[in-house]
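Have a look at the structure below, then the notes.
All figures in this text were calculated on a predicted structure; none of them were measured in a lab.
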Amino acid sequence: MNAKNINDNLDSLLEAAIREKGAVLHMKDLERKNAATMARRVAMKVTSYVAAAILVLGAVFSWKLSSDVRKVGYSFDLVAGQRGGSEISALMQEGNIPAARLKIRERRESLQGELLSPPTDNREYIAQMEADLQELDLLDAVCLMRQGKFFHARRALMRIKDSGGPFASTASELLEKL
């Protein structure tokens with residue numbers, strides 16, 4: 001019986017050791033998973049803070065660009081040479097930029113239609129119509145500037161500058177101010 005008790009004791013001790021080893025392994029596994037979870041949480045928080053900081057910086061940068069381009073747009077003198085006709089200039093001076101852009105678009109479509117089938121073959125008349133189109137493009141770019149649309153205005157001014165027409169130098173000056 002003594003041997004049986006010793007075997008039972010050994011079996012129970014062995015079983016306890018196996019359970020203890022399992023429990024230790026289970027605790028280590030839980031600690032490892034907990035550490036991984038904590039690392040993911042920290043990474044998520046850091047990512048969130050970085051994303052928020054980027055959004056804030058982007059908003060500040062966008063606001064700054066918008067503010068700067070508006071200043072340049074409103075510093076542009078519309079009256080010099082009565083650019084774009086009195087109606088468009090008046091709308092821009094009143095600050096009614098959407099209505100001014102609509103008038104510019106209507107006038108541009110009218111001029112483009114006229115250029116497709118000009119009433120005369122006079123080269124000077126056609127050159128004046130092309131200059132008027134470029135002037136409308138310039139006024140549209142100024143409207144975009146006054147709306148704070150930096151990238152759209154810059155792109156429009158670059159097209160005018162690259163075309164080399166009569167308003168290319170004005171577009172270049174405005175681009176330098178941006």
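The nearest pair of heavy atoms linking Met92 to Ala100 is CG-CB, 3.6 Å. Leu136 and Arg107 make their closest contact through CD1-CG, 3.3 Å (heavy atoms, listed as atom of the first residue, atom of the second, distance). For Lys103 against Glu87, the heavy-atom pair with the smallest separation is CE-OE2, 2.9 Å. Closest approach of Gln134 and Phe167 over heavy atoms only: OE1-N, 2.9 Å.
The pair Arg108-Asp137 meets the salt-bridge criterion, with a side-chain N (NZ, NE, NH1 or NH2) lying under 4.0 Å from an Asp/Glu carboxylate O.
Under the 4.5 angstrom side-chain criterion for Ile, Leu, Val, Met, Phe, Trp and Tyr, the cluster partners of Ile54 are Val42, Val46, Val50.
Side-chain contact between Leu157 and Leu138 is present, with at least one heavy-atom pair separated by less than 4.5 Å. Looking only at side-chain heavy atoms (C-beta outward), Arg155 and Phe150 stay at 4.5 Å or farther from each other. The shortest side-chain heavy-atom distance between Arg105 and Asp140 does not fall under the 4.5 Å cut-off.
Panel note: side chain Ser67, backbone Trp63; no donor-acceptor pair is recorded below 3.5 Å. Between the side chain of Arg154 and the backbone N or O of Leu175 there is no donor-acceptor pair closer than 3.5 Å.
Screening residues 28-39 for salt bridge (Lys or Arg N to Asp or Glu O under 4.0 Å) gives Asp29-Arg32, Asp29-Lys33 as the qualifying pairs, with residues at least two apart or on separate chains.
A continuous path of Ile, Leu, Val, Met, Phe, Trp and Tyr side chains, each step under 4.5 Å between heavy atoms, connects Phe61 with Val72, placing both in one hydrophobic cluster.
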